[in-house]
Amino acid sequence: METITIEINGKTITTEPGQTILEVVRRHDLDHIPTLCHSEELEPYGSCFVCVVEVEGRANLVPSCATRIAPGMKIQTRSERVVTARKTALELLVSNHYADCVSPCLLGCPANVDAQGYIALAAMGQYRQAIDLIRETNPLPAVCGRVCVRRCEDVCRRLDVDSSVAINWIKRYLSDVPGAYEGAPEREPSRGKTVGIVGAGPSGLTAAWFLGRKGYDPIIYEAMKHPGGMLRYGIPEYRLPKDMLDKEIAYICKAGAKIETDVRIGRDTTLDELLKKHDAVFIAAGAMGSSPMRIEGEFETDGVVPGAEFLIEKAEDQSPVEGTVVVVGGGNTAMDVARTSWRLGADKVIILYRRTKAEMPADQMEIEDALREGIEIMELAAPIAIVKEENRIKALRCIRMKLGEPDKSGRRRPVPQEGSEFELPCDIAIPAIGQKTVIEDLMASTETKPEMTRWDTVVINTRTMRTNVEGLFAGGDVADDGPTVAIDAIRDGQRAARAIHAYLAGEELPREKFIVRKDFWAKPGKTELGEVPESPRHHLQELEIEERAGNFREVATGFEHEDMVHEAERCLSCGCVKFSDCRLQEYSEEYGIDVERFKGYIRKHKVDERHPYIVYDPNKCILCAKCIRTCARILPIAALGLMNRGFSTEMRPAMNDPLVQTNCISCGNCVDSCPTGALTIKSPFPGRSDLHAETAADHCGMCSLGCALTVRRISDDRYTIAGSGVPGEYLCHYGRFGTELFIQSRRLTVPMERDKNQWKDVSLTYASKQIVKRLRETIDRHGPESVAVFVSPELTNEEMFLAQRIAREGLGTNNIGSLTVLGTGTESGPLDESLGFTQSTADRSAIGQADLIVCNNMDMENEVPVLSVDVLQAIRRGARLMVCNSTATPHEKIASVSLDPMRGRAALLWNGVLQVLLDTGYFSRDEVKKLDGGEEFLADMFDYSPEATMNWTGVEEAKVRAAADEIRNARRVVFLHCPDRTQDLAPGDLRVLANFIILLRARGIDAQLILPSIAANRAGLELAGVDPAFGPGRVPVTDGLPGARSHAELRTLLREGRLRGAILIGEDAIRDDRTASYFRNVEFLAAMDWAQTETTMLADIALPGSTYLETAGTRCNFEGRLIRFSQAVQPPAGIPGWQVLKQLAGFFTIPGLGETADAITRQLEVQVRRQLDGWRPFYWNTGEERSWDGRGTLRVADVKTKPVPVQPALTPTDHYKREILEVGIERFRVR
Amino acid sequence: MSKIYVGMGTCGLSAGARDTYDTLKKLMGETPATAELHITGCIGMCYREPLVEIRDNGSRVIYGEVTPERAEEIYQRHVQNREIIDEYVVLREETAGEKTGSETEFITPQERIVLRNCGTIDPESIADYEAAGGYQGLRRALLEMKPAEIITEVKESGLRGRGGAGFPTGLKWSFAAGNQSDRKFVVCNADEGDPGAFMDRSVLEGDPHAVLEGMIICGRAIGADFGYIYCRAEYPLAIKRLNIAIASAREKGYLGKKILGTDFSFDVKIKQGAGAFVCGEETALFASIEGERGMPRIRPPFPAEKGLWQKPTNNNNVETYANIPWIMTHGAKAYAAFGTEKSRGTKVFALAGKVNHGGLAEVPMGMSIRDLVFKVGGGIKNNKRFKAVQMGGPSGGCIPEHLADTPVDFENIPQTGAIMGSGGMVVMDETTCMVDIARFFLDFTQAESCGKCTFCRVGTLRMLEILERITRGEGVPEDIETLRQLSVQIKESSLCGLGQTAPNPVLTTLKYFLDEYRAHIEDKKCPAKSCGALVDYVIDPEKCVGCTLCAKNCPVDAISGQPKQLHVIDQGKCVKCGKCISSCNFDAVYKD
């Protein structure tokens, strides 16, 4: 093999020529070159310029995706010039990326709790997943759900519509759901390292939670008797019940945290000792002291109690409060103090505040509640002295204030009004104007002296959380800027855990996530949200005022389910569903781009949500054109394109129509191709489809192609489908979006018994026994030839195998088959006599090699869309296409010759074309005569002149000749024929096509016949023995079982109404009058299906089946490949179809049923391998080479009988597919 | 009998040649036949249009600015009474005699090869073309030469592509000739898109057969049997005359099957472009002919290998093809005698901007910029100071006055940072702000980017934003470095010529006029006093007589002052419309 030598990053590489630089770099794993517009299955495009590399001797940087290697080339993939260029390219792209990577609520939360995420999960009913998602950033959901200051709600986009989503109350709801605290969190294996944590408040608990989960052993030292810190001692019970806090702490301890209470650092141990004992120490001691009022005597006077001390005392000892209480301050602590005093029986409670209510830092709700509880608020007044009597407070001397100029915080500064002093009589005065740290003990008797601020807080680096002492970290109220709120403490705990892990594991602190947000450019505001309908916020249920007095019962009683659903629906889902998987985000982070650098004009577009499945957000489009190019591979006329020029260039659907109005077939491959979140799928259920917990590889069972797919599973009834991720593998609209039907259909979840028009749930055992009993009774009355089993061609081989065992071994009848196949009017193995086997002679790769593709009875774009990609690709490479259909199909437009015979006359037409080829000597009569069956064949061919052919078929003579010319000029021909599409099925057509390929082969032309069927496992029916003529392994039935021996006999039985009992598996025969009439005399009918169908409703016993995503097993695709299906999700019945049938077979006392699906596969495989011999790889291919030698027997075909009637859809999926075609791509919703 | 030629190119028509023609026609209808009336193309003196030429027995007299009234006068005095009206004459040429008239200075330095027939023959008459020696080159190429010999002749002529890049034409032809294929194509790029360039239009309007002949010869040389002329739809007259030319060439057997009785067949089709600048880029042009969106494709493969419809294709522009018949007729040596060693022949320039003779001039390669501007161009309008020329349109650059002695050819011009381009030459004087010029061209390219490459699509806009900021006086010192960096990156990370050259105007102005940028950024001043936001309108107390005219004309009442007293402009109110300057009769208002 020819090779060339190049140099990449100084390394010599010898490789084959013709590759691009990118291919070589990837193949040899030399570097990670970023790409946005590149795709392995598409031609190089070269637009994004993030993949540039430097080639010695070239003035310009070159896109590595499009530049082919040349001998001696010297390439640098990561020089400074390259990195700078990539960075600039990304900066330019991001400079026009008006988007929110994540929701504002997530960014607004100090701890970055993914509110949008848990709301979506809550909307989907995934409560446990939702609360676990909260715990990924915040282990105190119940606490925060009650006391959080809700910065998330302050930035909620919904504020521009009506009011913010009740984010926090959804969180509270989740923490109240039964089971929210069951089980235990996952922990990484122990690392054998301990971390000492000072203080069991929110910061310490949070750090312990994350460290524990990382595999460390955190030990918390708590000075108080109980853990919780200010959560326990600073927040009154009526806001945060202690048992709630206990529950939360208990769950945190399951992550490995140990709490030692009543251990005070400085009294019981020292920091030095802790540092010695542990691998790292985190000080999270909190701020349990109160800030002073700075007035004379406040520390000595009886009746003056600091707020924090008051709350701590009342948390333990709820002795009554008497007289008048004046609370000084306007924060939440002041409210807590006042409302606690009120509850403890104070005669009168007054809050004294130097500004007005509007400036109060306390939560609005708290202020309102306080007022409703009868607490007075005295605005614009401040204490200046204490009036005492015998060292007991009598009154506070106060002064009136007025509001002056705004200060640094933006609030207007209170200014004392001279001469306005007055006395406010009181029995107790409680300053609640702020907290401070109490660290004298902590720092006593210790060598370790962390640097302190002048406010007595520990100096830390707020990113690394480190103090100046090695191994000593600090956070929460005790560090940096001092006391704040719980969620800030939680953030510090989270950061400390991350920093301590990095410190102990010797790792770099992870880079900060790269995020873009719309607000960087402009707040979306009302203009952008104008179309969102208003929907008022729901409020928490609360105790009545009279219910609150004298007790500490929790005031807020919670959120009802409807409230939660309502609020979840109000969420605008601002963040991007592609965030975790966005290439632009990934590279921007990797290259550390500067968003500010090119901040300028930005184009804002409306998001197009008109398509039923696909959402297009042009704001996120980076114009890589992958979608356009992918679409052009899939459709004869692409639905997507570019419009405008310059900076205004946009990807838009054709003619700038809404995508839904173009010839889009909703295959969604554009979505898979999009490197950002510009094209995404619409979530088929409320919530967000990007929150899948896991992915599973599986295959599609919508048609006989068996395309590989990925199931993104949130739960068994919440999942979406994505492509396999393998370049060049596609999905169609059925495979990607059709599974929505499985979720939304009325499913059979339990066996049912019908008594007249009453249905009742029964056990599977009962149902099975009933089927056995009733069918045996029928057989006793009418004989085994009067019962039958019908099986859908969509089922797995294993289900089919069990079904035929039930028929033959259980019922003792040979009446086994598929109504779908019977409806096509053919016999078993129609090509066996012609070719020796009835299957595709080649796999689909033959399409790519053909120079002529002939499609007979095929509506590729609508029935096997993914196969049409192969055909289109071949045409683009120069192959010609000939189509033959009485009905119109999209591919006619691009066909070289389009034949449109009258319905049922295709075989006649093909014989006419054959006759032209014989008459013009392309096929020599003498040579044909020598072939097997040649003489009879020629004898039948005498009257198919083009004129006669035109009279019979309606196809003009010229077209008949043109068709012959196409074949004459071809060297590699592939015939595609759909064996179960009844629209254009003609009697004898398959045999005529077989004659064609035998004749062409005899002439040295490479001719193949490929048979893609609509039903997923049509090929499996004969292999599994679901056929009156064949037993398992396709062995011809010769034994003496009563019943039909052929499709014709079975059809006669049905037509004549001789059927008295039947089991219908997956075939909804009752939906259509014609097929329903076959069952007119039936005495007992059992049906099994995954959906509730008319048949299961009419059946005496109905059994639950499963979809292709819900059952393990195998199917044989149209190429004869064995496709293995995994059980990606659980069926709603909890038991997959094969197990239901196995149980039923068990009650027929059939032996040796096999324990697993795999075991049954092996049983069947033994039969297949034994019986099928040389043809086996054409039916049951597990990776073998195969080739057909081209020999066969020419057979005269019966071409003139009436065509079969158009078959109604017999399976729910098939019905659904047809419905899609009929109603266009309107989203089909099952009622 | 006299022959009257009315210049009816687009330039003539827009100056009113239609009325002139109609007047003459009417007069001739009323009087006995003493003259024939013809149309012709543009002779290059667009600044004196409408032009009327009267030919008698080998003498030529060209009159300028011929309004219908003048036409009547000329008809009566010159045609009927043989009196030459000297004051209207722009050019007079006796048989083999010297040239006289006001515009001899414009014409004399020129060597007209491409424009040989422009303004002298009737472009709608194939007989006129043949009479001027047309299709003789084709005869020689077809009847006397083998294809390889044609290519050798073109190579030896030293002709280089006139589209801008200057790739040797003969070499290019040999690539396409060397690739085997069932079909090959000849493409003529007539998508002249540079603002201020109109050479190709003039040739197509004035001498369409020359282009056809060049293409047919190329088809013969490379083995192609079909050609496309990709012409912008904004050139309706060019398309009309091309269509007439194609039809008559077919009729005469120069196009179609078995041309001149040989086995060679060739035909041509016009494809109208919708006016996308990027379609002047050959791969985008091919995409557009194929019916796709006009977007460049990755090279390699190069057009000579896989061009139009993936077939070997030769693409040249109008001017290049128009040279070919002359070379075939007069021989490579005659052509190579013009110009410099590496840039042979002549080049047509479209002079525009602050120059006295705005029009088309064809000069030998190697003439200096100064000679072009001052000799051919007649110097700067209103005797202002010559500051720079912009060459090569938006892809080119600005060459400052101190480099005005640079010879214009493919070697010397690129060294200044500009490019030869297709021949647009915009002359600038002291009132032109170079930052604003850079902004102007960038505004053009950023809007004309096809939108494919990130750097070109977004980068040019970001540069434009910076330039706009600077001209508004909001620039910061870092802007210059950012502009430089982006310029370099856009140049080296764009797929096609548009992006690769778009920053040139910025780079050359940064190179030669950095001071102007600095003045805008640091001093918040526009030295050319052109950027509105950076200019104050001030009244000179010495000159103001207090006539109140400026105050009356000020739309925002920014000027105050009593009659016969000094007036003052309130800078806070002034919107810098300039009405005060134009209304002042005493030159008392000036820009500062």
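Numbered from 1 within each chain, the chains take letters A, B, ... in sequence-line order.
For residues 474-484 of chain B, the interface with chain A (any heavy-atom pair closer than 4.5 Å) comprises B:T482, sorted by residue number. The interface of residues 489-497 of chain B with chain A, defined by heavy-atom distances below 4.5 Å, comprises B:Q489, B:K491, B:E492, B:S493, B:S494, B:L495.
Note that the CZ atom of B:R457 and the SG atom of A:C48 stand 9.5 Å from one another [nearest 0.5 Å].
Highest contact tally toward chain B, considering only A:L93, A:I622, A:N96, is held by A:L93 [criterion: heavy-atom pairs under 4.5 Å]. Per-residue counts of heavy-atom pairs under 4.5 Å with chain B were compared for A:L623, A:N60, A:T67; the largest is that of A:N60. For the set A:P44, A:S648, A:A85, A:C624, the entry with the most heavy-atom pairs within less than 4.5 Å of chain B is A:A85. Contact count versus chain B (heavy atoms, under 4.5 Å) is highest, among A:V62, A:N644, A:V52, for A:N644. In terms of heavy-atom pairs under 4.5 angstrom with chain A, the leader among B:E465, B:Q500, B:M295 is B:E465.
When all heavy atoms of B:I298 and A:A66 are compared, the closest pair comes out as CD1-CB, 2.9 Å. Contact between A:L92 and B:T454 at its shortest, heavy atoms only, is CB-CG2, 4.0 Å.
Using a 4.5 Å cut-off between heavy atoms, B:R293 touches chain A through its side chain atoms alone. Using a 4.5 Å cut-off between heavy atoms, A:T84 touches chain B through backbone and side chain atoms alike. Neither the backbone nor the side chain of A:L36 comes within less than 4.5 Å of any heavy atom in chain B.
Sorted by first then second residue, the salt bridge (charged side-chain N to carboxylate O under 4.0 Å, His left out) pairs that include residues 55-79 of chain A, not counting sequence neighbours, are A:D31-A:R78, A:R78-A:E590.
The shortest distance between side-chain heavy atoms of A:F598 and B:V458 does not fall below 4.5 Å.
For A:N9, the side-chain hydrogen bond (donor to acceptor under 3.5 Å, both in side chains) partners are A:T77, not counting sequence neighbours.
A side-chain donor from one of A:S95 and B:R462 sits under 3.5 Å from a side-chain acceptor of the other.
The backbone N or O of A:A625 sits nowhere less than 3.5 Å from a side-chain atom of B:K452 that would complete a donor-acceptor pair.
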